[in-house]
Every structure is written in structure tokens, then in C-alpha cells.
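All figures in this text were calculated on a predicted structure; none of them were measured in a lab. We count ligands from 1, going down the list as the structure has it; atoms in each ligand are counted the same way. Each residue takes its place number in the sequence, starting with 1.
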Amino acid sequence: MREPRLREIDRRAFLRRLRPVLEVYAAAMRPPADQLPGRHTIMDRHASYPGFRALVAERRGPLPGLPPAVRGFAYGFHGERGQWWHDVVRGALVQVGGEEHAAGWLDDPFEVAELHVHPDAQGQGLGRALLTGLCAGRTERTVVLSTLHRADDTPARRLYRSVGMVDLLTDFEFPGGGPRYAVMGGRLPLAPYPAASINS
Ligand SMILES: CC(C)(COP(=O)(O)OP(=O)(O)OC[C@H]1O[C@@H](n2cnc3c(N)ncnc32)[C@H](O)[C@@H]1OP(=O)(O)O)[C@@H](O)C(=O)NCCC(=O)NCCS
């Protein structure tokens, strides 16, 4: 069995892999199929944001010459005003905690937009390696992201808490409807694992 290898890829290499990346996204998140073209557009746009960084977990192709198989990926960028997610979350944080609270989390953030591992490859440490690799060496003050909100815990939220991230918003509905999200944040560098869980 060939082990997936973690690689940092630049914007162009990321855009070249959008199809296999979206396949991993679809397998991990199981969104309605009609949402996938929109997700493609969003990822394409994100790749142009400042400080974009992407990691993929890839397994070599089964035969020489065949492309590697993407088993997981993660990417993020420097968040700033004018970006849709950033502006929505900043507004919500101002509402719950005031300007200073929002600024403390969002004045210099690394925003992790996507982190997914194909279901066949989950539970083997790839998600943690992708997250810690993505955040390693980032110069921003904080890391922030949104993840599906569930009444019970999710693997993603456990992972984020294990590196010191806390809930900033829960049961949050982004404009336009859809499922509820939790917005989580942590200080950079990430807490070494295992870290004391702050809000469990
Ligand atoms: C969340 C996700 C990226 C984790 O990737 P993974 O490779 O399966 O995770 P790892 O094997 O690296 O495990 C990391 C941590 O995640 C949590 N975790 C992983 N699988 C879990 C499970 N089945 N139940 C509970 N916690 C779990 C644990 O905290 C684990 O740490 P531990 O092994 O020290 O207990 C992956 O499960 C996934 O893609 N899920 C579907 C899509 C998704 O929710 N993406 C996140 C969007 S924000």
C-alpha cells in the first residue's frame, strides 16, 4: 500500500488539481451535486487571495505516468476586509462581543477555508498533518475557520479543539441560508498536541 505524501503546492498546481480536489470534497462532505460548480468557482477565487497556501496528501499513481491520487487537501489565505466570509464573520463577532473582540480575532487572521480527507483515508492522521502543516510558519496572529455545527461533536471540531481552537460562534447561519456552522479560532502558532481542551 502506497502511503499518501504531504506536499505544499502553489496556486497554479492547486488550480490544476481542482477536479480531484473537488472529488475529495464531494466524498467527504456529500453536498448536493448542484452545489459543486459553485464550490469550484469559490476555490478558484480563493486561490487568488493574498497569502494563499495549499497542501495536498497524494498517493503515487498506480502505474508510472498516471497522475497521483489526491487523498486529502487543505488550503487557507490571509483574511482581510472585502472578502465575503471575513466580512460576515467580523459583523457577527462585533454583534456578540464588540469591535475589540472582533478585531482581536480578525485583524491579522490566517483563514483555513477547506480541510478534507477522503473517507477511505480518514482516521490515519492525515487531517491533523494537513492542518498543522498548513499553519506551520504562518506569521498571522490567529487562525480562524468555520465548520459544520452539530449538537454532538464532529471529528473536525475535536481536531480543532485539540490544537487549542475555541468556539467563536455556534449554530451560526451564513447569509443565504444552508446548514448551521460553528466558527472557531485559535492563536498562532497552534498549541502542540495534545493540548488542554479549552471549552470541552
Ligand atoms: C475532519 C477530517 C479532516 C479529519 O481528518 P482525519 O484524517 O480523519 O483525522 P486524523 O486521523 O488526523 O485525526 C485527527 C483528529 O480528528 C479527530 N477525529 C478524527 N476522526 C474522528 C472520529 N471518527 N471521531 C471522533 N474524532 C475524530 C480526533 O480528534 C483526531 O485526533 P486523535 O486521533 O488524536 O484522537 C476528516 O474527518 C474529514 O475530512 N471529515 C469530513 C469533512 C470535514 O468535516 N472537513 C472539515 C471541514 S471544516
query = How would you list, by chain and number, the residues with a heavy atom under 4.0 angstrom from ligand 1?
reply =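 Answer by chain and number: A28, M29, L115, H116, V117, Q122, G123, Q124, G125, L126, G127, R128, S146, T147, P155, A156, R158, L159, Y160, Y193.
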
task = Could you check whether the rings of H116 and Y25 sit parallel, tilted or perpendicular, using 30° and 60° as the cut-offs?
result =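 Correct class here is perpendicular.
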
task = Would you please name every residue forming a side-chain contact (heavy atoms from CB on, under 4.5 Å) with A69, sequence neighbours left out?
result =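 Scan of A69 (side-chain contact (heavy atoms from CB on, under 4.5 Å), adjacent residues dropped) gives R71.
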
query = With sequence neighbours left out, what residues match R16 under salt bridge (Lys or Arg N to Asp or Glu O under 4.0 Å)?
reply =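 Once residues adjacent in sequence are excluded, R16 has no partner under the salt bridge (Lys or Arg N to Asp or Glu O under 4.0 Å) criterion.
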
request  = Would you please name every residue forming a salt bridge (Lys or Arg N to Asp or Glu O under 4.0 Å) with D107, sequence neighbours left out?
outcome  =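 D107 satisfies salt bridge (Lys or Arg N to Asp or Glu O under 4.0 Å) with R90 once adjacent residues are dropped.
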
ask   = Of the options H46, H78, H86, which is the one that meets E111 in a side chain to side chain donor-acceptor pair (under 3.5 Å)?
value =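 Testing E111 for a side chain to side chain donor-acceptor pair (under 3.5 Å) against H46, H78, H86 leaves exactly one candidate, H86.
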
task = Flag the pair F77 / F52 as yes when their ring centroid distance falls below 6.0 Å, and as no otherwise.
result =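 So the answer is no for these two rings.
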
